Amino acid sequence: MRVGVSILNSQKEKPILQASFFDALIPISVLICLLGAAVYLFGDSSSSGPNQIALLFATFTAALIGLKNGYTWKKLEQAMIEGITLSLGAILILLMVGALIGTWLLSGTVPTLIYYGLQVINPSWFYAASCLICGIVAMSIGSSWTTAATIGVALLGVATGLGLEQTVTAGAVISGAYFGDKLSPLSETTNLAPAVVGADLFEHIHHMLWTTVPSFVIALIIFIFMGFNATASSEAGRIDEITAILQQNFNIGLEMLVPLIVLLVLAIKKMPAFPAISIGAVLGAVWAMIFQSDLIATQIDGSQGQIVGYFKLVWSTFFDGFSILTGDEKMDSLLSGGGMSGMLTTTWLIMTALMFGAIMEKTGLLDIFVKSILKIAKSTGSLITATIATCIGTNVIAADQYIAIVVPGRMFKEEYAKRGLKPVNLSRTLEDGGTITSPLIPWNTCGAYMQSVLLINPFDYALYAFFNLINPLLAVIYAYLGIKILRIKPKQ
């Protein structure tokens, strides 16, 4: 090892050579090939390890090019460490989000949200209701994937019974799921985007409202018009089954929403995300012990005594999440999950993606692509448009939404600062272009996953995922009109 380090450090006297366009293409090509192979071989499971390995190999390739051009291993290693450091705040939040999801499932907060959300189902505006319900559920749990695989699948079953279009229903499910995911402080991508550019989480969410809410309202209006001719049939019993399961296993009531209300109030008061979410998680645990004692009694190991069993179950919910068996496999999936351990795969992916971005930036390989793009992006409108196009292109080429956030974020961060634009402009744009377009691409991990659970090709439902289509277009319109583009105030 000492010999290897000595060899690497022996290059420190070499002059730094400017990277060529061919140099920049090599690690990008390696990444694209490996990510494509990961999606082909592992499908929607590619984000659970294969993509991380692809990123590590691409990082190693970029590091070799850096060594060839005169960088020392010490400098490259330091760049990777600094890249990972950028994610530490998001990692802390993600871990606590895992704990919060677990305690909110046990406390009945999430089940209550689902229960009341399902009450708005009406065949005459089924598409809009599907979109709205998925939005509520996704916002409460911070996961578009879980929402689509559970509530989304149930709604598709109802649509079949009602004689409604499954492709339209799938578009409504995707629209709602990604709207809720995008605005949820529990969402991984919502935490990742501001972490990459150095923005505050809640300021980022507030800034996203200006493009996200109007896009969602327009989508809902379209779904309402499309549902005018919907007719009911007698096959809507799945909703009754779901509500019955919720009532049988949880105490359902408006008081279960107190942890959510407290978290929202803390967010409005601009409390930092980590302590706010921590308070929400602890409050969820307290609410579970107060209101879900019957449920906890069926879950505990009584060999150590009831009090110890209660404490042990609630404690384990923080790190290992909550699990329940209701007799319905899909409901078990919806009502089980969370825990800090459930966030470790995402943490790994974020770290490796940021390592790759840091090496590409340190060795000047990113600058080559940025300069090419910036030659045509003279105005603020064209800069934001170029960012959105880059995010979409990364989703198409790299096939992963996390990479579509991290890489463009690293690429454009400095340019936004040079032009006096606040970091939240970039973080919002990363979500407008990267997060919500990922399920529209069949070979993207999100598109592959949605097809596997909804059994509908993304190319078929993409035309009806109105929110996902409208949001990037509205962001471009805002950019050229100068609407809600925040600038850095000059220091006095």
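Computed from a predicted model, the values in this text were never measured in an experiment. Atom set for the values below is all heavy atoms of this structure, side chains included, hydrogens, waters and symmetry mates excluded.
Within the 3.5 Å criterion, the main-chain N or O of K75 finds no donor-acceptor partner in the side chain of Q78. Side chain of T103 to main chain of A281: a donor-acceptor pair is present (N/O by atom type, distance under 3.5 Å, no hydrogens or angles). For the pair T190 (side chain) and L186 (backbone), a donor-acceptor distance under 3.5 Å is absent. The backbone N or O of T345 sits less than 3.5 Å from a side-chain atom of Q52, completing a donor-acceptor pair. For R428 (side chain) and H207 (main-chain N/O), a donor-acceptor pair under 3.5 Å exists by modelled atom type.
Each of W348, F356, F60 was compared with L55 under the side chain to side chain contact (heavy atoms under 4.5 Å, CB included) criterion, and only F356 meets it.
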**Request:** Take V196 and L192, measure what side-chain contact (heavy atoms from CB on, under 4.5 Å) needs, and give me the verdict at the end.
**Result:** CA-CA 6 Å; V196 170; L192 176 59; 3.8 Å; yes

**Message:** Pair I373, M411 - check side-chain contact (heavy atoms from CB on, under 4.5 Å), show working.
**Reply:** CA-CA 10 Å; I373 295 172; M411 287 173 61; 4.0 Å; yes

**Request:** Any chance you could lay out the side-chain contact (heavy atoms from CB on, under 4.5 Å) test for I279 and M271, step after step, and finish with the verdict?
**Result:** CA-CA 11 Å; I279 291 171; M271 176 180 282; 3.9 Å; yes

**Item:** M343/I91 under side-chain contact (heavy atoms from CB on, under 4.5 Å): CA gap, chis, key distance, verdict
**Value:** CA-CA 9 Å; M343 294 296 180; I91 288 172; over 6 Å; no

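A donor-acceptor pair shorter than 3.5 Å cannot be found between the side chains of T435 and K182. Using a 3.5 Å distance cut-off with no hydrogens or angles, the side chains of S215 and T212 do not pair a donor with an acceptor. In this model, no donor atom of one side chain and acceptor atom of the other lie less than 3.5 Å apart for N395 and S438. Side-chain contact annotation: T380 with Y480, donor-acceptor N/O pair under 3.5 Å absent. Side-chain atoms of S20 and D23 form a donor-acceptor pair, as typed in the model, at a separation below 3.5 Å. Donor-acceptor pairing under 3.5 Å is recorded for the side chains of E188 and Y402.
Side-chain contact check for I141 versus W104: every heavy-atom pair is 4.5 Å or farther apart. Contact annotation: the side chain of P439 never approaches that of N444 to less than 4.5 Å [non-hydrogen atoms, C-beta and beyond]. In this structure the side chain of C131 reaches within 4.5 angstrom of the side chain of L220, judged on heavy atoms. When side chains are defined from C-beta on, R419 counts as touching L383, because their heavy atoms get closer than 4.5 Å. Counting heavy atoms from C-beta on, the side chains of P214 and L474 come closer than 4.5 Å. Considering only heavy atoms from C-beta on, I436 stays 4.5 Å or farther from S175 through its side chain. Within the 4.5 Å cutoff, no side-chain heavy atoms of L440 are placed close to those of P458. For the pair C391/T437, no side-chain contact is recorded, criterion being any heavy-atom separation below 4.5 Å from C-beta on.
Take S130 and apply the side chain to side chain donor-acceptor pair (under 3.5 Å) test, not counting sequence neighbours, and it matches no residue. Every side chain to side chain contact (heavy atoms under 4.5 Å, CB included) that I136 has, sequence neighbours left out, goes to L113, L132.
Ring geometry for Y449 against W145 counts as parallel: the plane angle stays under 30°, on a 0 to 90° scale with 60° as the upper cut.
Note: S278 OG to I93 CD1 = 9.0 Å, rounded to the nearest 0.5 Å.
Within 6.0 Å of the CH2 atom in W210, the count of heavy atoms belonging to other residues, nucleotides or ligands does not exceed 12.
The distance between the ring centers of F223 and F466 falls below 6.0 angstrom.
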